[in-house]
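Report on the following structure.
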Amino acid sequence: MQACKIVLVFAASGRQIMVYSITYYREKWQTNCQRKSIQNRDLDGLRETSLGSSLPSNSPGEQQGRSKVLYCGICHSDLHMVKNEWGVTQYPLIPGHEIVGVVTEVGSKVEKFMVGDKVGVGCMVGSCRSCDSCQNNLENYCSKMILTYGARYHDGTVTYGCYSDSMVADEHFIVRIPDNLPPDAGAPLLCAGITVYSPLRYFGLDKPGMQVGIVGLGGLGHVAVKFAGAMGVKVTVISTSPDKKQEALENLGADSFLVSRDQDQMQAAMGTLDGIIDTVSAVHPLLPLVALLKSHGKLVLVGAPENPLELPVFPLIAGRKTVGGSCFGGIKETQEMIDFAAEHKITADIEVIPMGYVNTAMERVLKPDVRYRFVIDVGKTLKPAV
């Protein structure tokens, strides 16, 4: 009997995150789904992680492909979901939506990929494919968009992510990974990369010579600095930590640095920025950021704090300033972003970890204590069961 291993999050209590590595077999999954409580012990059930169905068949569907997972990034949203901070988590949960792998099998009608191709899957694995958003390559804004994990697929089953050694997905939601893009450092781009690339393009903050601020120098912020710089934008990093100045200017290539807690610096920079990409996922004041904008400037939020933010209105009216949001990107734009990254040699700064380090990594993400993204070496450290 074939099997594979996944990492399954049963629950989260306080700061303790309980994650277990489990061997799954398909045949008994239905029985286990009927259990009223999840106990701290091995379960048997799911043969493999399927991005789009919790009960995959032995072969992918006509327009699906199966891939061996090589690397999977740990996104901050994984931590939000593990701890149910957004109130939508369904346990058991299998996180992971920054996935790079190699195609091992394709369905009879698959046209985009062949066995042996290096591919990636990001934040979503399904949509209605017929609404205005989908028709305009904006599947991420489809009202029926299906997240890679923790969501309901078309057939009602739960989607699972890729803290796993195998994945199955519809070819439409798979992107090609260029040969010159390292698979480990490229994996986080499938979430962090597209999350900052898309608003830079959509809100017109990609014109050479523009002055753009990046708030937060973490998993999202550090790749935002790289993408904006490659577009020719003058980048100002805005951070609460003065210790990150040297990193921002010398290693990441930012043009200037503001300490947001330094009132003199913030006062001197008022009205200097054409736009700001705010990557911070914790509650923080928006008024000081709005003040940094020129008239007609744009503040775009891509972080997702668990509690509401206070938004001042009069400064927006007085300067005809805009506050907006952005949710990763469609598949066409994700492929565009990946190709742009490969062309400009943009990758995430990562710390590669074995699967057994996931619990510790989650704790370090919470602190935060990572520069700037953990990536699980799934291919070498999560071995298929015999």
Side-chain angles (χ1 to χ4, degrees), residues 73 75-76 98 181-182 185-262 265-266 269 272-282 284 288-289 292-293 297-303 326 328-329 333-334 336-351 365 368-375:
C75 178
H76 200 282
E98 299 178 342
L181 186 67
L189 301 182
L190 292 161
C191 174
I194 187 59
T195 296
V196 297
Y197 179 91
S198 182
L200 285 168
R201 292 297 197 197
Y202 177 79
F203 289 95
L205 302 178
D206 57 350
K207 308 300 186 292
M210 294 187 80
Q211 301 286 340
V212 174
I214 305 297
V215 185
L217 199 61
L220 295 178
H222 89 285
V223 291
V225 173
K226 294 183 180 185
F227 275 113
M231 294 170 184
V233 168
K234 300 297 183 182
V235 179
T236 297
V237 170
I238 305 163
S239 174
T240 59
S241 175
D243 296 339
K244 294 184 177 181
K245 181 176 181 178
Q246 182 177 0
E247 171 76 8
L249 299 179
E250 296 182 8
N251 296 339
L252 297 177
D255 298 283
S256 57
F257 187 90
L258 287 176
V259 179
S260 57
R261 291 173 177 168
D262 187 319
Q265 288 188 27
M266 296 293 283
T272 62
L273 300 179
D274 295 292
I276 296 174
I277 304 295
D278 185 348
T279 71
V280 176
S281 60
H284 60 287
L289 302 178
L292 295 175
L293 294 172
K298 303 164 185 175
L299 170 60
V300 186
L301 308 177
V302 296
S326 184
F328 48 97
E333 189 174 44
T334 300
E336 174 190 306
M337 177 275 303
I338 286 290
D339 293 340
F340 183 91
E343 178 184 354
H344 294 274
K345 302 186 185 314
I346 297 172
T347 56
D349 292 3
I350 63 171
E351 181 177 333
V365 169
D369 175 31
V370 56
R371 290 177 52 190
Y372 286 95
R373 207 68 156 188
F374 286 115
V375 173

Problem set entry | Check against side-chain contact (heavy atoms from CB on, under 4.5 Å), C75 and R373 | CA-CA 7 Å; C75 178; R373 207 68 156 188; 3.3 Å; yes
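The CG atom of L258 sits 9.5 Å away from atom NZ of K245, with the distance rounded to the nearest 0.5 Å. Taken from CD1 in I194 to OG1 in T334, the straight-line distance is 4.0 Å, to the nearest 0.5 Å. Between the CG atom of D274 and the CG atom of L292 there is a distance of 12.0 Å, given to the nearest 0.5 Å. Atom CZ of R371 is separated from atom CD1 of I350 by 13.5 Å, given to the nearest 0.5 angstrom. To the nearest 0.5 Å, atoms CG (D339) and CE (M337) are separated by 9.0 Å.
Between A187 and E98 the shortest heavy-atom distance is O-CB, 3.3 Å. Considering every non-hydrogen atom in both A254 and V237, the closest pair reads CB-CG2, 3.7 Å. Heavy-atom minimum distance, L189 versus A341: CD1-CB, 3.6 Å. The shortest non-hydrogen separation linking S260 to I238 is CB-CG2, 4.0 Å. Annotation for I276 and L289: closest pair CD1-O, 3.3 Å, computed over non-hydrogen atoms. The shortest heavy-atom contact between F257 and S241 is CZ-O, 3.3 Å.
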Atom pairs and distances, donor-acceptor, side-chain atoms in residues 199-213, under 3.5 Å, two or more places apart:
residue: R201; atom: NE; partner: Y197; partner atom: OH; Å: 3.1
residue: R201; atom: NH1; partner: D206; partner atom: OD2; Å: 3.1
residue: R201; atom: NH2; partner: Y197; partner atom: OH; Å: 3.3

Would you give me the side-chain donor-acceptor pairs under 3.5 Å for residues 214-227, sequence neighbours excluded?
residue: H222; atom: ND1; partner: G218; partner atom: O; Å: 2.9
residue: H222; atom: ND1; partner: G219; partner atom: O; Å: 3.1
residue: H222; atom: NE2; partner: D349; partner atom: N; Å: 2.9
residue: K226; atom: NZ; partner: T347; partner atom: O; Å: 2.8
residue: K226; atom: NZ; partner: D349; partner atom: OD1; Å: 2.6

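The side-chain hydrogen bond (donor to acceptor under 3.5 Å, both in side chains) analysis of residues 248-257, with sequence neighbours excluded, yields the pairs T236-S256, Q246-E250, E247-N251.
F328 places none of its side-chain heavy atoms less than 4.5 Å from the side chain of C191. In this structure, T240 and H284 have side chains that are not in contact, with every pair of non-hydrogen atoms separated by 4.5 Å or more.
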